[in-house]
Enquirer: 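Just dropping this structure here.
When a residue number appears, it is its place in the shown sequence, counting from 1.
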Amino acid sequence: MKRVIILLVLATASALCFADVPAWLKRPEKEYPSSEFIRAIGEGTSAKSAQNAAVADISLFFDTKTDVVTLAVKESSAILVDDKSMFASNQSYQQIAHISSNAEFFCVKFTDSYYDKKSDTYSVLAYINKKDAAQIYTARINALMDSIETYRFYAKNEKEPFLAIAALRKAQVLASLAEKYIHNETIIVPSDSAKFQNALKTIALIPNERTALKKGLTFSISIIQKEKRFDPLFSTVASILEKDGYAYAVENALYRIILDVSCLEEGYDAGNFVRPSLDVLILNNAGEGVYTYSKAYARVGGKTLEQAYTRAVTKIKQDLQTNFLAE
């Protein structure tokens, strides 16, 4: 008789323990059917790491990488800041500038985490409602395409080729993001592929439009300071132009790039230091400015003043390679 009671108690305790496991973990297909949801269960040593694991599995479903998307989002946000006056009234453009997190990009939601004491692991189910996600993607694609068309219109009507190309570069950044959204939306709803054909055709036109504008666009380069130590900056700018599809010309260039380098010398017991700064100006044939870039750098030092200058020039080169013409 005692043995039966013990078995009943053990059976009851086992049932209670199993009941603590959430339904989404025991029966994910029943709770989040694949006909309506994209889902993935992640495990980790914390609730956050479990969420990250689940999102990583979700991203595999779309065959994309969250870091690539995040970069495109940051670039599009930077464009909004840069053109806040031009696009202050463009509400659709404002909308897409606030896409920031990976989870939001994928329209992902999470269940509450479940902690398994026995394995010392957390589990989380990440899920996407296909219908809701399709609506969000479509709205964002439409907003992006509106802004892309605005930039293309601006480029078509801009008389200054350099500024027209800059507008198309921004259109290209947004086009890359729109293309990713179209890719994901049509994975969720394959039958929607036809309605985005015109958008994809427009996206495909932008690189050719930029290339056509760049033909015949030439630049000359000059550095105000005639010191030999600054010569590497000349070759750096020339290589950036070449890499971006522009041509360098010694004479009769359409645009003139002027570099103004300043290095404030400082002497200390620890060594020699300089505080470099750079101002870049691009002028058209009429002498009008079409582009400016300025940067003040932290001081750099060396055992000798010449070493300090060498390091300063290296720092300026690295900055130009990252930011020149990308601003």
Enquirer: Does any part of the side chain of Arg275, heavy atoms only, come nearer than 4.5 Å to the side chain of Phe273, both counted from C-beta?
Expert: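 They are not in contact (no side-chain heavy atoms under 4.5 Å apart), so the answer is no.
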Enquirer: Would you say the side-chain atoms of Lys30 pair up with the backbone N or O of Ala23, donor to acceptor, closer than 3.5 Å?
Expert: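 No; zero donor-acceptor contacts below 3.5 Å.
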Enquirer: Which is it for Gln321 and Thr236 under the side chain to side chain contact (heavy atoms under 4.5 Å, CB included) test, yes or no, and what are the steps along the way?
Expert: CA-CA 7 Å; Gln321 289 165 348; Thr236 298; 3.9 Å; yes
Enquirer: Just by distance, with hydrogens left out, do Asp192 and Thr186 show a side-chain donor and acceptor under 3.5 Å apart?
Expert: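 No donor-acceptor contact under 3.5 Å links the two side chains.
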Enquirer: How close do Arg311 and Gly301 get, heavy atom to heavy atom, and via which atoms?
Expert: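 Answer, listing the atom of Arg311 first, then Gly301: NH1-O, 2.6 Å.
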Enquirer: For Tyr248 and Phe234, run ring-ring contact (aromatic ring centres under 6.0 Å, His included): C-alpha distance rounded to whole Å, both residues' side-chain angles, the deciding distance at 0.1 Å, then the answer.
Expert: CA-CA 11 Å; Tyr248 164 69; Phe234 182 100; 5.6 Å; yes
Enquirer: Answer yes or no: are there more than 12 heavy-atom neighbours, outside Lys48 itself, under 6.0 Å from its atom NZ?
Expert: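 Incorrect, the count does not exceed 12.
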Enquirer: A side-chain contact here means heavy atoms from C-beta on lying under 4.5 Å apart; do Leu259 and Ile316 qualify?
Expert: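 Of all side-chain heavy-atom pairs linking Ile316 with Leu259, none is under 4.5 Å.
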Enquirer: How long is the straight-line distance from NZ of Lys295 back to NZ of Lys315, given to the nearest 0.5 Å?
Expert: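 If we round to the nearest 0.5 Å, Lys315:NZ and Lys295:NZ are 8.5 Å apart.
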Enquirer: State the CD1-CD1 distance between Ile282 and Ile258, to the nearest 0.5 angstrom.
Expert: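 With rounding to 0.5 Å, CD1 (Ile282) is 10.0 Å from CD1 (Ile258).
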Enquirer: Answer yes or no: are there more than 12 heavy-atom neighbours, outside Arg299 itself, under 6.0 Å from its atom CZ?
Expert: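 Enclosed.
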Enquirer: Side chains of Met145 and Ile203: closer than 4.5 Å at any heavy-atom pair?
Expert: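 Yes, side chains in contact.
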Enquirer: Under 6.0 Å from the CG atom of Asn208, do we count more than 12 heavy atoms belonging to anything else shown?
Expert: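 Enclosed: over 12 neighbouring heavy atoms sit under 6.0 Å from CG of Asn208.
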Enquirer: So which of Leu325, Leu254, Ile240, Thr218 actually passes side chain to side chain contact (heavy atoms under 4.5 Å, CB included) with Tyr246?
Expert: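 Only match with Tyr246 under side chain to side chain contact (heavy atoms under 4.5 Å, CB included): Leu325.
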Enquirer: How many angstroms lie between atom CD1 of Ile182 and atom CG of Leu177, to the nearest 0.5 angstrom?
Expert: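 Interatomic distance, Ile182 CD1 to Leu177 CG, rounded to 0.5 Å: 10.0 Å.
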Enquirer: Taking the side chain as every heavy atom from C-beta outward, state whether Lys317 and Leu233 have any pair of such atoms under 4.5 Å apart.
Expert: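 They are in side-chain contact.
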Enquirer: Between the side chains of Gln51 and Tyr122, does any donor sit under 3.5 Å from an acceptor?
Expert: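 Side chains of Gln51 and Tyr122: no pair found under 3.5 Å.
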Enquirer: For Tyr32, is the NZ or CZ atom of Arg39 found under 6.0 angstrom from the centre of its six-membered ring and inside 45 degrees of the ring axis?
Expert: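 Not flagged: Arg39 not positioned over aromatic ring of Tyr32.
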Enquirer: Are Lys170 and Leu174 close enough that some pair of their side-chain heavy atoms sits under 4.5 Å apart?
Expert: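 Side-chain contact under 4.5 Å: no.
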Enquirer: Applying side chain to side chain contact (heavy atoms under 4.5 Å, CB included), run through Leu25 and Leu125 and close with a yes or a no.
Expert: CA-CA 8 Å; Leu25 189 55; Leu125 184 139; over 6 Å; no
Enquirer: Apply side-chain hydrogen bond (donor to acceptor under 3.5 Å, both in side chains) to Tyr151 and Gln172, showing your working.
Expert: CA-CA 9 Å; Tyr151 276 122; Gln172 183 63 62; over 6 Å; no
Enquirer: Is Glu185 reaching over with its side chain to a backbone N or O of Thr138, donor-acceptor style, under 3.5 angstrom?
Expert: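 Not a single qualifying donor-acceptor pair exists.
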Enquirer: Quick one: does any side-chain atom of Glu160 pair with a main-chain N or O of Phe162 as donor and acceptor, under 3.5 Å?
Expert: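 Such a contact is absent between Glu160 side chain and Phe162 backbone.
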Enquirer: Taking all non-hydrogen atoms of both residues into account, name the closest pair between Ser123 and Glu43 and its distance.
Expert: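 That would be OG-CG, 3.7 Å.
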Enquirer: Between Pro161 and Leu217, which heavy-atom pair has the shortest distance, and what is it?
Expert: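 What the structure gives for the nearest pair is CB-CD1, 3.6 Å.
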Enquirer: Asp279 and Tyr293: side-chain donor and acceptor closer than 3.5 Å?
Expert: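 No.
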Enquirer: More than 12 non-hydrogen atoms from neighbouring residues, nucleotides or ligands closer than 6.0 Å to CD on Glu266, yes or no?
Expert: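 Counting neighbours around CD of Glu266, more than 12 heavy atoms of other residues, nucleotides or ligands fall under 6.0 Å, so yes.
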Enquirer: Establish whether Val261 and Leu283 are linked, either directly or via other cluster members, by ILVMFWY side-chain heavy-atom contacts under 4.5 Å.
Expert: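 Val261 and Leu283: separate clusters.
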Enquirer: Hey, are the side chains of Phe230 and Val313 touching, using non-hydrogen atoms and a 4.5 Å cut-off?
Expert: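 Of all side-chain heavy-atom pairs linking Val313 with Phe230, at least one is under 4.5 Å.
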Enquirer: Do you know the tightest heavy-atom contact between Arg210 and Ile165?
Expert: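 Result for this residue pair: NE-O, 4.4 Å.
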Enquirer: Given 3.5 Å as the limit, does a donor-acceptor pair link the side chain of Asn284 with the main chain of Tyr255, or not?
Expert: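 Not at all, since once roles are kept as given, no pair shorter than 3.5 Å links the two residues.
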Enquirer: To the nearest 0.5 Å, how far apart are NZ in Lys117 and CG in Asp20?
Expert: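 Lys117 NZ to Asp20 CG: 9.0 Å, rounded to 0.5 Å.
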Enquirer: Assess whether side chain to side chain contact (heavy atoms under 4.5 Å, CB included) is satisfied between Thr314 and Val300, documenting all intermediate values.
Expert: CA-CA 10 Å; Thr314 299; Val300 291; over 6 Å; no
Enquirer: Check whether any side-chain heavy atom of Phe37 lies under 4.5 Å from a side-chain heavy atom of Pro28, and answer yes or no.
Expert: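 Phe37 vs Pro28: side chains apart.
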Enquirer: How many angstroms lie between OG in Ser294 and CG in Leu281, if you round to the nearest 0.5 Å?
Expert: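 Going from OG on Ser294 over to CG on Leu281, the span is 9.0 Å.
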Enquirer: Tell me the closest heavy-atom pair linking Asp120 and Tyr115, and the distance in Å.
Expert: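 In terms of heavy atoms, the two residues are closest at OD1-OH, 2.6 Å.
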Enquirer: Are the side chain of Glu29 and the backbone of Ser34 linked by a donor-acceptor contact shorter than 3.5 Å?
Expert: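 Present.
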Enquirer: Is the shortest distance from a Lys or Arg side-chain nitrogen in Arg229 or Glu306 to a carboxylate oxygen in the other one below 4.0 Å?
Expert: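 Result for this pair is yes, salt bridge flagged.
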Enquirer: Would you say that Lys130 contacts Ile38 through its side chain, given a criterion of any heavy-atom pair below 4.5 Å between the two side chains?
Expert: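 When only atoms from C-beta onward are counted, Ile38 and Lys130 do touch, with a gap below 4.5 Å.
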Enquirer: With rounding to the nearest 0.5 angstrom, report the CD to CG distance, Glu179 to Leu144.
Expert: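 Rounded to the nearest 0.5 Å, the CD-CG separation comes out at 12.0 Å.
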Enquirer: Show the nearest heavy-atom pair for residues Thr111 and Val124, with the distance to one decimal.
Expert: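 The pair with the smallest heavy-atom distance is O-CG1, 3.9 Å.
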Enquirer: Is there a path from Val21 to Trp24 through hydrophobic residues (I, L, V, M, F, W, Y) whose side chains come within less than 4.5 Å of each other?
Expert: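 Yes, it is one cluster - the side chains of Val21 and Trp24 are joined through contacts under 4.5 Å.
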